[in-house]
There are 2 protein chains.
Amino acid sequence: MSPDRQPRGRQKTPLSRERVIAAAMEIASEKGRAAATMRAIGARLGVEAMSLYNHVSSRDDLLDGMVDAVFAEIELPEPGAHWKEAMRRRAFSARAALGRHPWAVGLMDSRSRPGDATLRHHDAVLGSLRSGGFSIRQAAHAVSVLDSYIYGFVLQEVALPFGNAEEAGDVAEGIFGDLPEDRYPYLREIAMEHALAPGYDYGDEFEFGLALILDGLVPDEV
Amino acid sequence: MSPDRQPRGRQKTPLSRERVIAAAMEIASEKGRAAATMRAIGARLGVEAMSLYNHVSSRDDLLDGMVDAVFAEIELPEPGAHWKEAMRRRAFSARAALGRHPWAVGLMDSRSRPGDATLRHHDAVLGSLRSGGFSIRQAAHAVSVLDSYIYGFVLQEVALPFGNAEEAGDVAEGIFGDLPEDRYPYLREIAMEHALAPGYDYGDEFEFGLALILDGLVPDEV
DNA sequence: AGCCTAGGCTTACACTGTAAGCAGGTCAAG
DNA sequence: CTTGACCTGCTTACAGTGTAAGCCTAGGCT
């Protein structure tokens, strides 16, 4: 109606699939996955919700893109490296990437079409194992355990209803506070004498399980 | 308005938290997590959406209840059993329960307050390990690896965009179909020569990783 | 000059969770 | 028996969701 608004043309950096996905990731990181609505993403880009559909075919497509962007952040195993060291590094890198974008874990179970970064990632991991002497079958086994462990660990980490020791104390209080002493004795024990001890960080557990799994894996032909 | 409708009283089995949660679980299982809206749950129970709020304090509370109901289905370790066998059985039972309710995995990362069944479950698991000679610290390690593996495995299983071999073929076709032969060579290799081979079922991988982890765990005092 | 097209905008719709308030039934106390 | 305080379910209403359909305009083409 009013002619005094900004002319529409090309004078601002144009939208693109990448910019849309990046904006969505920012919002998800700042305010949670649920906050990344089409309208909110549009607002961040100074644009209406519907304009996003020129670059993303649906919200689902956008989510696919976000997950793929997270995979793109994971360090690929170096082709020459020993498989064990390569797997160790990639595990840490994956955990870090997923930790940086906690919303990604919850998205994974509903994504249907893997993106380019995701495929490249898995291909590189398989490549590292195959070059390290793993048979196809053993490589499949190895990928399955490792990925399960990594995703599951992050899933649990993200699901923890507290971020620091103080909050952990509050949560424990909330659970055990008004319960008879003899309910959940082992849970109580581990909370009081271990998890709530100063210096405890659940994240440190990652190392243990990873080492256990890596030591259990062996290529067939030695 | 019209007086000809059913009188409101106690003549039908009354609603209850359990019935609401059960109805929600049924709908989620049949039509997916997203289909379990308050209105749909109400409809299944022959009731309006708002009536559910007399038994559940919010949608979040309902989701908490659903997750807890899944945990309730997991077999608790028998007090007398050897820890290794107990952990093995519990792992299979957990995977089966989560497989029966695939929506549960995606819910776990956003639930904040564990329910009674969940707490009882974790307590029993810890108890089994402690009785088997694990120190507190080692028990914490063991639970962390095992749970990570189980949840992560199911997460991947659920995320697979196919349910049977035929669909798997379609998906592979969709990915590799219009791509140069040399893209993702290792992925291609494992798909063609392993995953698409007759008789392959990703679920079978579970056994391998579980055995690997269980063999890597050892109580401190032997 | 005229036209096409890409990328924005506007409007509209069906559907979500839930706040607020109402109505009929149950049950305990007077 | 009456009264009144719960319950429990119903109705209405609201803000917020994803997205289909169609419009408008600037830029680039012939």
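The sequence lines fix the lettering, A, B, ..., with proteins before strands; numbering per chain opens at 1.
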note: L45(A), atom CG; dG8(C), atom C1'; distance rounded to Å ~ 13 Å
Grab the CG-C1' distance between L52(B) and dT18(C) for me, whole Å please.
11 Å
Please compare V47(A) and R39(A) by the position of their nearest nucleotide in DNA chain C and report the one closer to 5'.
V47(A)
Cation over ring face, R183(B) and F176(B), 6.0 Å, 45°
no
Taking the six-membered ring for Trp, are Y149(B) and F153(A) closer than 6.0 Å centroid to centroid?
no
Could you state the atom-to-atom distance from OH of Y53(B) to P of dT16(C) in whole Å?
12 Å
dC10(D) phosphate, OP1 or OP2, under 4.0 Å from S51(B) side-chain N/O:
yes
Could you tell me the separation between the CZ atom of R33(A) and the P atom of dG18(D), rounded to a whole number of Å?
13 Å
By nearest heavy atom, map E48(B) and A36(A) onto DNA chain D; which one lands nearer the 5' end?
E48(B)
Is T37(A) touching bases, backbone alone, or none of the nucleic acid, heavy atoms closer than 4.0 Å?
sugar-phosphate
Quick one: are the ring centres of F71(A) and H122(A) less than 6.0 Å apart?
yes
Using the six-membered ring wherever Trp is involved, compare the ring planes of F206(A) and F92(A) and label them parallel, tilted or perpendicular (cut-offs 30° and 60°).
perpendicular
Round to the nearest Å and state the distance from N54(B) atom CG to dG9(D) atom P.
6 Å
Please state how far atom CE in M38(B) lies from atom P in dC14(D), giving the value in whole angstrom units.
21 Å
Calculate the interatomic distance between R19(B) atom CZ and dT8(D) atom P; express it in whole Å.
13 Å
Just the rounded figure in Å: distance from C1' of dG18(D) to CG of L63(A).
11 Å
Looking only at side-chain N and O atoms, does H55(B) come under 4.0 Å of OP1 or OP2 in dC7(D)?
no
